[in-house]
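Computed from heavy atoms alone, side chains included, the values below leave out hydrogens, waters and symmetry copies.
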Amino acid sequence: MDHDHGATGDRHETQAAEAGQGSSSVPKERRTHHHALEDFRRRFIVSTILTVPILLLSPPVQALLGIEIVFPGSEFLLLALATIVYLYGGWPFLSGIVSELRARMPGMMTLIAVAITVAYVYSSAVVLGIVGGEGFFWELATLIDIMLLGHWVEMRSVLGASRALEELVRVMPSEAHLLRDAGTEDVPVDRLVPGDRVLVRPGEKVPVDGVVVEGATSVNEAMLTGESKPVEKRPGGEVIGGAINGEGSIVVEVKRTGAETYLAQVIDLVRKAQESRSRTQDLADRAAFLLVVIALFVGAVTFAAWLALGEGTGFAVERAATVMVIACPHALGLAVPLVVAVSTALAAQSGFLIRDRSAFERAKDLTAVVFDKTGTLTEGRFGVTDILTFGGRAEEDVISTAASIEAHSEHPIARGVVRSAEERGISLLPVQDFRAIPGVGVEGEAGGRTVRVVGPGYLTEQGIAAGDERVEALQRQGKTVVFLLEDDRLTGALALADIIRPESGEAIARLKAMGVRCMMLSGDNRDVAAWVAGELGLDEFFAGVLPHEKAEKIREVQQRYRVAMVGDGINDAPALVQADVGIAIGAGTDVAVESADIVLVRSDPRDAAAVIDLSKKTYRKMFENLLWATGYNAVAIPLAAGVLFGAGIVLTPAAGAVLMSASTVIVAINARLLRV
């Protein structure tokens with residue numbers, strides 16, 4: 001057995017490596033980001049240290065400080081130090097311009113590279129006596145320092161926004177207690193294969209997706225599904241890898257490993273959604289390209305204008321450089337991707353997974369939501385909704401007696417009665433001489449009486465009055481009514497129907513508060529559909545709709561509204577595809593619902609309202625960021641060009657870099673506020 005396991009484990013390790021185990025690519029991706037982050041940090045530190053002597057050797061700074069440091073060759077030392085800062089500190093921007101020009105997409109690197117190169121070449125020409133005037137190496141150095149610092153802060157923000165992926169990866173334990181003939185053996189999780197059995201002790205994380213085969217416990221799946229309450233697990237119950245085991249030890253049979261696990265699928269969906277482009281992002285990219293063209297044009301015009309006005313080459317170069325620095329579209333470039341990263345991670349943590357970014361963006365414009373009934377608004381199982389009593393019997397006695405008899409039957413109605421009694425905490429009576437009456441019901445001896453639970457047909461045959469108008473009202477609602485007879489005397493009636501989820505009413509109320517109309521599709525008859533619609537306060541409902549007709553109904557509704565379809569993703573697939581936004585509910589561990597744009601992990605219709613709410617908030621953050629990034633440039637570029645020079649307001653390149661970096665940080669912080 002050990003030999004077989006080793007061979008299987010080796011094969012699985014190979015498969016896991018190929019599949020990425022659903023997680024390995026994330027650390028690799030983050031290692032690349034961390035390397036780039038450290039590179040910017042190192043260049044910033046070195047450049048900042050070299051900037052100190054550059055400042056002390058610069059005549060304008062000396063004049064400001066009231067000192068004089070001049071010695072033979074001091075200006076050449078200044079040139080040498082500035083050259084190091086320009087080449088080493090400025091390298092990310094100098095290499096970036098090459099990449100952008102090759103791609104024929106000049107962007108922020110182009111602007112920075114042009115600005116620092118113009119400043120360096122002009123100042124070097126002054127030192128070498130090629131042109132007259134005063135160089136500004138000190139502004140070049142401080143500009144590069146601030147740009148490096150801005151990039152460093154920006155990259156930290158990006159890493160912070162996507163850290164949720166790494167947190168998801170860390171959810172999975174690295175080892176499992178594999179059960180063998182001789183006991184348990186701790187093995188790496190990636191050696192497990194379907195069919196293995198593992199022991200999960202109290203407080204430990206479930207290592208893989210599987211089924212409980214021994215023991216009972218409750219597990220916390222909050223990190224995975226957003227479900228805050230511990231979920232009871234008994235033999236036959238499915239568990240998700242990464243869930244935290246509660247109070248009991250359980251034995252789990254492995255069902256899915258590697259890239260097939262729920263967590264791996266979630267990570268893959270989150271990563272794809274974060275990487276996917278959105279229409280707003282395309283708009284931001286076009287705006288950024290336009291901004292680069294404007295900045296280069298305005299920079300050239302500014303340089304020529306100040307030369308023509310006789311302010312000197314140095315001043316003209318400084319103005320042009322400041323225009324290009326302050327116009328860098330960092331904030332514009334980050335405005336949308338940061339919000340996308342935060343909202344996608346936030347959605348996954350809340351229990352809904354975005355498969356199509358553009359559909360998620362469309363959700364903000366929805367004006368109607370159509371719900372499937374069975375399994376979506378209802379639980380898809382029979383339960384007691386009403387208890388009628390006759391002859392002075394108490395409700396508790398009626399359901400206790402009926403459930404005691406029905407407990408011996410396997411009929412769906414019988415199971416519904418028994419389950420409802422259990423949910424009410426009602427104890428059952430001992431029963432003797434139980435027997436089923438085909439086509440009629442069941443009977444037996446309980447509490448010293450002959451007890452029958454029968455349908456209305458039996459009462460008609462026996463000439464027993466079938467209750468009062470209350471029974472007729474329940475039957476008009478499409479509910480199934482069964483009657484309790486004790487010693488051939490009618491003592492109670494139970495109405496059963498598909499139980500409405502407790503969360504459905506709140507979901508409808510939330511959607512209506514947003515101004516969204518709520519509708520329902522059902523294959524049930526009109527009476528049943530009308531009862532559910534009335535209980536929930538739905539605006540419209542469609543009854544008797546067969547699965548293949550659902551897409552046609554969605555098309556009809558689309559003529560009046562922008563529509564989301566919420567269904568279970570199985571017989572609702574055509575309708576989910578037809579809708580403007582398809583939302584699959586109750587997908588559980590099967591997250592790869594191909595027909596849905598958004599997958600709700602929990603069977604909770606309130607999450608449909610949460611999707612629309614998050615879509616609206618996400619769009620608002622994108623709009624705020626774009627507004628800030630473009631509005632900032634509209635004000636800052638004229639100031640950089642020197643339009644208020646006559647009023648004594650002049651921005652230096654370094655001051656422009658500070659403003660530009662500040663705008664980037666503001667955009668990053670605003671995106672993170674989406675979590676609040």
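- Within the 3.5 Å criterion, the main-chain N or O of G582 finds a donor-acceptor partner in the side chain of D597.
- Looking at T184, its side chain never comes within 3.5 Å of a backbone N or O of H177 through a donor-acceptor pair.
- Classification of K553 and E556 as a salt-bridged pair holds, one side-chain N sitting under 4.0 Å from a carboxylate O.
- Residue pairs meeting the salt bridge (charged side-chain N to carboxylate O under 4.0 Å, His left out) criterion with at least one partner in residues 242-251, sequence neighbours excluded, do not occur; the list is empty.
- Taking OG1 of T491 as the reference point, atom CZ of R449 lies at 8.0 Å (rounded to 0.5 Å).
- A distance-only check finds a donor-acceptor pair linking the side chain of T460 to the backbone of P456 [under 3.5 Å].
- Here the rule is side chain to side chain contact (heavy atoms under 4.5 Å, CB included) with L199, and of I250, V252, L179 only L179 fits it.
- Checking each of L600, V566, L366, I354 against V611 for a side chain to side chain contact (heavy atoms under 4.5 Å, CB included) leaves exactly one that passes, namely L600.
- At most 12 heavy atoms of other shown residues, nucleotides or ligands fall within 6.0 angstrom of atom CZ in R526.
- Partners of K512 according to the side-chain hydrogen bond (donor to acceptor under 3.5 Å, both in side chains) rule, which considers only residues two or more places apart in sequence or in another chain, do not exist here.
- Scanning all heavy atoms of the two residues, the minimum distance from L474 to A495 falls at CD1-CB, 3.7 Å.
- Residues A363 and I612 share a closest heavy-atom pair of O-CG2, 3.7 Å.
- Judged by distance alone, with hydrogens and angles left aside, the side-chain atoms of D487 form a donor-acceptor pair with the main-chain N or O of T450 at under 3.5 Å.
- Summarising the geometry of V581 relative to I598, their closest heavy-atom pair is CG1-CD1, 4.0 Å, with the distance given to 0.1 Å.
- Side chain of D607 to main chain of A610: no donor-acceptor pair is present (N/O by atom type, distance under 3.5 Å, no hydrogens or angles).
- Annotation for R562: atom CZ does not count as buried by contact number, only 12 or fewer foreign heavy atoms lying within 6.0 Å.
- In terms of heavy-atom proximity, F371 sits nearest to P605 at CE2-CB, 4.1 Å.
- Residue R489 qualifies as open at atom CZ: its count of foreign heavy atoms under 6.0 Å is 12 or below.
- In terms of modelled atom types and a separation under 3.5 Å, the side chain of S400 and the main chain of S427 share a donor-acceptor contact.
- Between the side chain of E552 and the backbone N or O of E549, no donor-acceptor pair lies under 3.5 Å.
- D498 places no side-chain N or O within 3.5 Å of a backbone atom of F382 that could act as its donor or acceptor partner.
- The heavy-atom pair separating F483 from A493 by the smallest distance is CD2-CB, 3.8 Å.
- Between the side chain of S615 and the backbone N or O of K364 there is at least one donor-acceptor pair closer than 3.5 Å.
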